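In what follows, a single structure is set out as C-alpha cells and then discussed.
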Amino acid sequence: RAKQDGRGVYRFFEAQMGAAVREKRLLENDLRAAIARNELTLVFQPQVGVASGEVTGFEALVRWTHPVRGEVSPSVFIPIAEESGLILAIGDWVMREACTEAATWTNRLPVAVNVSPVQLHAADFLANLEAILAQTGLAPGQLEIEITETALIRDLARTIATLDRVKALGVRVAMDDFGTGYSSLANLRAFAFDKIKVDQSFIRSVDHSDQSAAIVRAVLGLGSGLKLPVVAEGVERLEELEFLRAEACAEVQGYFFSRPAPIADFAAITSGRDRFLLAANATALPAR
Ligand code: C2E
Ligand code: MG
Ligand code: MG
Ligand code: MG
C-alpha cells in the first residue's frame, strides 16, 4: 500500500515537472519571438541622494508585456533567458537602449544597467560594450553596470579581469543585492567596486528588526571604511528612510520616491529643468 502511494506521489511529481519544463519552453519561445519583434521595453527608477533630495541617477530595468499573459516579471524571464542563452540578445538590447537614452539627458545623470553573469562571461562582452559606447556617444563615466554577487561565483579570476577592463574604460561597477551572495566580504576585497547596493530584504524591516538594523549599520560602516557609497534598495516607507538618513546612508532607491517608470515620466529631471521628484513623498526630504 505504502509502495503504491509512493508511486502515486512519484507520478504526481513527474507530471508536475513535465508541466514546469513545458511551461518554461513555452515562455522561452515567446521570449525569443518578443526579442525578434522588439517587444521589450525599459523603465527607469530614480536614485535619490538622502542629504540633498536630488535625483542622482537612474537604474534601467527591462519589461516584457506578453501578448496573452500580460506583464511577465524579469525575475521570471531573466533566469529563463540565462538558461537558454537569450540573455545575450536581451542584454545587448538593454545596454544599447539604456545608453542611447542616457546620451540624450541634458543633465548627464548616470544610468545603471544590470548585467547578467552569463553576459559578463561572454567572449564579446567588452567589444560589445565599447561598440555601444562609441555608437551612442555616451560618455563611459555616465554608465554604471550592476553585477550581482552570483556573477562572481563562477571563474572569479576571469570575472575580475573583465571587470578591471570595464573600469579601465571609465565605466563604474556596482555590487548589486549585497548581502545575499555567498561571500560578500571576500568579493569586496577581490575587486574594487565603485558602489554597494544593499539588498532590499535588509531594508524591508530595518525600523522594526534589530537584526536587519544591525546588518544595515554594518554595511554602511563597511562602505564608509572602504570609501564606497552605499545605496539602499527597496525603500518603501518613511520609517525606513528616516533610519537610513540617521545612519548617513548616501543614496536610496525605492517605491517611496518612485516606482520604475517610462523615462518620459522623468523628463523634467533628465532635461535639467528640475532636480527633484514631483512625488508628494519627495517632501519628506530636507528643505530644498
Ligand atoms: P535588481 O537589479 O536588484 O532591481 C531592483 C528590483 O527591485 C526591481 O525589480 C525594482 O522594480 C524593484 N524595486 C525597486 N524599489 C522597490 C521597492 O521599494 N519595493 C519593492 N518591493 N521592489 C522594489 P524588477 O524590475 O522586477 O527586477 C527584478 C530583477 O530582475 C532585478 O533586480 C535584476 O536582477 C533583474 N533585472 C531587471 N532588469 C534587468 C536587465 O535589464 N538585465 C538583467 N540582466 N537583469 C535585469
Ligand atoms: Mg540592479
Ligand atoms: Mg538589487
Ligand atoms: Mg535583485
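Numbering of ligands and ligand atoms starts at 1, following listing order. The structure presented is a predicted model; accordingly, all values stated were derived computationally and were not measured.
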What I want to know is whether [X] and ligand 1 share at least one N or O pair that is separated by under 3.5 angstrom.
X      : answer
Gln253 : no
Arg63  : yes
Ser75  : no
Gln119 : no

For [X], atoms of ligand 1 separated by under 4.0 Å from a heavy atom:
X      : answer
Asp176 : 1 (P), 2 (O), 3 (O)
Gly234 : 15 (N), 16 (C), 17 (C), 18 (O)
Val62  : 38 (N), 39 (C), 40 (C), 41 (O)
Gln45  : 14 (C), 15 (N)
Asp177 : 3 (O)
Glu236 : 17 (C), 18 (O), 19 (N), 20 (C), 21 (N)
Val235 : 18 (O)
Pro74  : 24 (P), 25 (O), 26 (O), 27 (O), 30 (O), 37 (C)

Return yes when at least one N/O/S atom of [X] is nearer than 2.8 Å to the Mg ion (ligand 2), and no when none is.
X      : result
Glu233 : no
Asn114 : yes
Asp177 : no

Could you verify whether a donor N or O on one side chain and an acceptor N or O on the other, from [X] and [Y], lie under 3.5 Å apart?
X      : Y      : value
Ser184 : Glu149 : yes
Ser271 : Thr106 : no
Gln45  : Glu59  : no
Asn38  : Trp93  : yes

- Specify which N/O/S atom of Asp176 comes nearest to the Mg ion (ligand 3), by atom name. OD1
- Message: Quick one, Thr159 with His121, criterion side chain to side chain contact (heavy atoms under 4.5 Å, CB included). Give me CA distance, side-chain angles, the key distance, then yes/no.
- Response: CA-CA 7 Å; Thr159 306; His121 288 110; 2.9 Å; yes
- Glu97 side, atom CD; Leu40 side, atom CG - distance, nearest 0.5 Å: 10.0 Å
- Message: To the nearest 0.5 Å, what is the distance between CZ on Arg108 and OG1 on Thr270?
- Response: 11.0 Å
- Item | Verdict with supporting geometry, Leu163 and Ile145, side chain to side chain contact (heavy atoms under 4.5 Å, CB included) | CA-CA 10 Å; Leu163 291 179; Ile145 64 171; 4.3 Å; yes
- Item | Distance-minimising heavy-atom pair for Leu238 and Phe256 |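 Scanning both residues completely, I find the closest heavy atoms to be N-CE1, 3.4 Å.
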- Note on the structure: Tightest non-hydrogen contact, residues Asn114 and Ala60, listed as ND2-O, 3.4 Å
I'd like to know if [X] and [Y] make a salt bridge, using a cut-off of under 4.0 Å between side-chain N and carboxylate O.
X      : Y      : answer
Glu28  : Lys24  : no
Lys167 : Glu144 : no
Glu236 : Arg204 : yes

- Query: Given Glu59, Glu82, Glu146, which one has a non-hydrogen atom that is nearest to atom 4 (O) of ligand 1?
  - Reply: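 Closest candidate by heavy-atom distance is Glu59.
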- Kindly confirm whether the Mg ion (ligand 3) is within less than 2.8 Å of some N/O/S atom in Asp199? no
- Item | Residue Glu59 atom name (nearest to the Mg ion (ligand 2); N/O/S) | OE2
- Task: Give the atom name of whichever N/O/S atom in Glu146 sits closest to the Mg ion (ligand 2).
- Result: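 Nearest N/O/S atom of Glu146: OE1.
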- Message: So for Lys197, does at least one of its heavy atoms come nearer than 4.0 angstrom to any atom of ligand 1?
- Response: no
- Note on the structure: From the list Arg245, Glu240, Glu239, side-chain contact (heavy atoms from CB on, under 4.5 Å) with Glu242 holds only for Arg245
Tell me the contacting part of [X] for ligand 1: side chain, backbone, both, or neither, using a 4.0 Å heavy-atom threshold, strictly below.
X      : result
Pro260 : side chain
Arg204 : side chain
Leu61  : both

